[in-house]
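Here the structure is laid out as structure tokens; the discussion comes afterwards.
In listed order, ligands and their atoms are each counted from 1. By convention here, the first residue in the shown sequence is residue 1. No hydrogens, no waters, no symmetry mates; every other heavy atom, side chains included, goes into these values.
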Amino acid sequence: MSVRALQTFSKMIWGRYLLTAGLQGCRCRLSCHLKRHYSVLPDDVKSLRAVVNPDISKIRNIGIMAHIDAGKTTTTERMLYYSGYTRALGDVDDGDTVTDFMAQERERGITIQSAAVTFDWKSHRINLIDTPGHVDFTLEVERALRVLDGAVAVFDASAGVEAQTLTVWRQAEKHHVPCVCFLNKMDKPAANLSFSIESIKQKLKANPVLLQIPVGSGKNFTGVVDLLTNQKLIWKLKSMRDDGRAFEIKALDQSDDPELLQVVDEARTALIEQVADLDDEFAELLLTNFSDNFDAVPSIKLQEAIRRVTLARKGVPVLCGSSLRNKGVQPLLDAITAYLPAPNERHHDLVRWYKDDLCALAFKVLHDKQRGPLVFLRIYSGTLKPQTAIHNINRNSTERMSRLLVPFADQHVEIPSMTAGNIALTVGLKQTVTGDTIVSSKASAAAAARRAQNDSGAKKKRGEHADIILSGVEVPDPVFFCTIEPPSMAKQADLENALNCLQREDPSLKVRVDPDSGQTILCGMGELHIEIIHDRIRREYGIETHLGPLQVAYRETILNEVSTTDTLDRTVGERRHVVTVELAVRPMDIASVGGSCEITFTEKLEGQLLPGVKEAVENGVHSSYLQGPLLGYPVQGISTLIQGVTVEPGTSAAMVSACVSRCMLKALRLAGGQVLEPVMSLEVTVGEEHLSSVLGDLAQRRGTVRDIQSRHDNKVLLATVPLAEMMGYSTVLRTVTSGNATFSLELDAYEAMNLQEQSTLLKRMAGLL
Ligand SMILES: Nc1nc2c(ncn2[C@@H]2O[C@H](COP(=O)(O)OP(=O)(O)OP(=O)(O)O)[C@@H](O)[C@H]2O)c(=O)[nH]1
């Protein structure tokens with residue numbers, strides 16, 4: 001289909017409201033979507049047009065989080081389908097889902113980038129961000145959680161809580177995000193409700209509030225009993241192709257299986273007692289009116305209490321189903337609207353300070369070749385309109401957005417304005433990067449600062465800016481790096497441009513130029529991360545780059561305390577610069593200080609130093625922290641005490657910094673260097689018959705086994721292993737277990753390398769091995 005024909009076709013269907021990101025660039029992708037998902041759309045367009053800005057109490061900004069392969073994408077696809085936004089069911093195994101829109105995601109069947117999707121369910125607007133499960137992309141998850149009001153945790157009901165769920169759950173806790181749990185894959189023979197509930201209790205330390213009982217198990221899983229209403233929801237699917245849209249709702253009665261009736265009865269009583277324990281208002285209602293007849297408790301009262309419990313994070317509602325078999329997803333959508341908070345139910349100081357003025361957070365940037373950067377904004381207060389100037393507080397810049405869109409995976413619908421609580425996609429913001437705060441004007445930022453200052457009293461005279469900026473997401477340090485080269489020098493500028501765009505999208509990707517070799521260095525969060533970036537440069541920017549071998553990002557520290565002094569006496573032109581520095585360095589306990597270093601001045605010096613000199617000294621120390629004496633990696637766990645600084649008049653600040661750096665290098669060399677290596681925590685799930693091969697392989701990788709647990713027929717091996725030993729692990733694991741194992745890897749800590757390993761590494765780096 002030609003681009004022109006496609007545009008005409010789109011206009012016919014969507015009217016002027018349909019826009020497609022990068023229409024020229026994603027011809028094939030779009031035509032495939034039109035065929036598969038948007039063959040008839042008038043109702044959807046109408047509903048979206050009618051409710052561009054829904055009542056804030058009807059909005060749910062939701063994330064889906066889980067371990068890799070738990071079924072987030074499949075569940076999302078079902079949600080989109082049942083809500084009416086798609087007209088055919090996408091399937092991750094066929095590679096045609098809406099949310100996994102990047103080509104690599106389709107091919108690999110994994111979710112890499114959070115794709116925001118907006119859809120409506122029973123008069124509610126759901127803005128949903130599909131978050132990736134692979135540990136290399138946890139930053140994407142963290143970034144999404146920062147702007148969401150609630151989350152759905154999807155579990156594989158045969159595996160319970162897996163490693164990555166734990167990580168993501170902790171992230172959700174950090175941001176106080178209320179959650180609903182969905183035990184997916186109930187159709188698997190090994191699916192186990194009580195095991196999953198127990199693992200939520202034990203591993204997540206959460207308080208599961210079970211709302212449903214599954215009907216049937218494994219292949220015979222047909223639906224659930226809703227414990228609030230005592231109704232059976234049954235999906236009588238006629239064939240594998242049955243979409244599960246229709247299901248039967250029937251009150252439980254005496255004709256039902258007596259065993260099921262008993263289980264439901266006990267579970268309902270337990271639910272009511274549990275909720276009464278967690279919510280005083282419900283407890284009072286129960287005691288006053290229903291103490292001897294729990295059956296009469298109105299389901300709406302129970303639901304209201306469960307909502308309060310969820311919002312207060314005292315408990316997490318648990319539902320079950322099988323997304324792949326099209327069972328249980330509609331009640332999950334109901335639970336999202338019933339139990340997860342609206343944006344105005346979450347506390348944000350900013351809303352108070354900005355009142356009705358616009359305040360929004362840029363939480364994701366995507367680069368579209370035709371439109372330039374597309375910036376995803378979460379609006380906290382006020383109204384966002386296209387063609388108006390907005391002020392970026394972080395960059396102190398003003399820019400104009402040209403268009404405002406509702407994000408629908410790689411399809412976008414243009415809208416005239418967007419109000420607080422929503423998630424919008426903007427075109428035209430060229431300077432904004434992930435984590436920036438956007439307001440309507442400089443004046444509104446100043447007014448918010450004044451309000452914040454008044455609020456916090458006279459104590460806050462300085463730093464008011466910090467209060468009116470939304471805190472972004474901490475970007476973890478990359479653990480892997482490698483060189484990247486264009487096919488020819490003629491492509492160098494194109495490669496730099498591609499890397500700039502990719503970095504704006506993905507702050508966990510770092511690019512630097514090696515000062516000695518002049519080579520471009522790519523630093524990422526894992527093998528897969530770097531591989532994906534490499535792939536994207538080829539596909540999206542048409543550059544065939546060459547990657548050098550993957551290397552581990554080591555750190556360095558020192559072993560002993562040392563004091564030293566240095567004098568710099570240099571004449572540059574007519575000017576003589578003379579500085580003398582005296583300082584001491586001492587190792588700190590890495591386990592307690594983590595990656596940090598510190599710098600202090602003796603009390604006497606603090607009062608003596610001239611303005612500018614202290615800063616110059618600090619700059620000198622900080623620059624020496626960037627390159628350790630052994631291998632040139634950044635140092636950590638070092639405390640520096642500045643004991644004396646003498647500066648002759650006329651000496652420049654740069655010379656003071658240079659003298660301090662030289663003195664520091666001398667001190668660090670004298671103090672004896674120690675290489676620190678990233679040690680990962682590893683979780684391998686493997687059939688018992690392959691356990692010994694996995695253990696044998698691990699022993700050769702300097703791994704330390706922490707625990708071996710049983711999970712159904714599988715063993716779960718928990719271990720720590722130096723990252724340097726884990727290159728290509730997935731291939732080896734596949735080979736030794738004939739493909740019957742899964743693993744996840746996460747940075748545990750930087751630890752001191754043993755002396756023998758260190759000397760081998762030093763020799764190898766010096767080219768002696
Ligand atoms: N048996 C069964 N398999 C399922 C179910 N839901 C999803 N799957 C399968 O599980 C695999 C992973 O599903 P996805 O939806 O891609 O999982 P995900 O959590 O999005 O995966 P990542 O994006 O890689 O993190 C696919 O092969 C699905 O077909 C289910 O309810 N039952």
Side-chain angles (χ1 to χ4, degrees), residues 63-82 89-115 117 128-141 144 151-159 161-169 181-193 196 214 216-224 235 237 240 242-244 319-332 409 526 528-529 531-532 685 712 730 739 742-746:
I64 297 201
M65 53 191 200
H67 190 81
I68 188 160
D69 272 359
K72 293 181 304 294
T73 308
T74 310
T75 308
T76 306
E77 288 297 316
R78 270 46 180 182
M79 289 180 176
L80 293 178
Y81 180 72
Y82 297 132
L89 281 177
D91 189 333
V92 278
D93 302 321
D94 292 346
D96 62 355
T97 60
V98 170
T99 43
D100 284 356
F101 63 81
M102 281 165 56
Q104 297 99 310
E105 294 189 35
R106 290 215 173 115
E107 278 175 18
R108 290 160 196 259
I110 56 164
T111 310
I112 299 157
Q113 288 211 8
S114 304
V117 183
L128 186 146
I129 301 224
D130 183 35
T131 47
H134 196 281
V135 73
D136 282 8
F137 306 104
T138 42
L139 186 70
E140 292 275 342
V141 184
V152 176
V154 176
F155 301 87
D156 176 339
S158 68
V161 176
E162 296 172 89
Q164 180 66 8
T165 326
L166 199 64
T167 315
V168 185
W169 190 270
C181 294
F182 182 61
L183 303 180
N184 188 32
K185 307 200 181 183
M186 288 303 293
D187 60 303
K188 281 172 73 169
N192 188 326
L193 178 73
S196 299
S217 61
K219 265 204 320 236
N220 298 321
F221 168 72
T222 51
V224 294
W235 282 260
L237 306 187
M240 290 294 276
D242 194 329
D243 64 9
L319 295 96
C320 40
S322 164
S323 299
L324 186 68
R325 306 283 169 231
N326 305 327
K327 291 168 191 168
V329 177
Q330 294 95 329
L332 176 63
L528 181 62
H529 188 202
E531 209 182 299
I532 298 275
T685 307
H712 311 300
S730 51
T742 55
F743 78 103
S744 70
L745 204 60
E746 195 183 337

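For ligand 1 and K72, the ligand atoms under 4.0 Å from any heavy atom of the residue are 15 (O), 17 (O), 18 (P), 19 (O), 20 (O), 22 (P), 25 (O). The ligand atoms of ligand 1 that sit less than 4.0 angstrom from a heavy atom of S323 are 31 (O). Taking a cut-off of under 4.0 Å to the non-hydrogen atoms of S322, the atoms of ligand 1 that pass are 30 (C), 31 (O), 32 (N). Atoms of ligand 1 lying under 4.0 Å from at least one heavy atom of D187, given by number and element, are 1 (N), 2 (C), 30 (C), 31 (O), 32 (N).
Every N/O-N/O distance between G321 and ligand 1 stays at or above 3.5 Å.
Residues K327 and D187 have side chains not in contact (no heavy-atom distance under 4.5 Å, counting atoms from C-beta outward). Within the 4.5 Å cutoff, the side chain of N220 has no heavy atoms near those of the T222 side chain.
Of the candidates M186, E77, K185, K188, the one placing a heavy atom closest to atom 9 (C) of ligand 1 is K185. Nearest residue to atom 20 (O) of ligand 1 from N326, N184, T73 is T73 (criterion: closest heavy atom).
Closest non-hydrogen pair, A157 versus S196, comes out as O-OG, 3.0 Å. Of all non-hydrogen atoms in N184 and A70, the two that sit nearest each other are ND2-O, 3.0 Å.
By the side-chain hydrogen bond (donor to acceptor under 3.5 Å, both in side chains) test, Y81 pairs with D243, sequence neighbours left out.
When only modelled atom types and interatomic distance are considered, T75 and S323 share a side-chain donor-acceptor pair under 3.5 Å.
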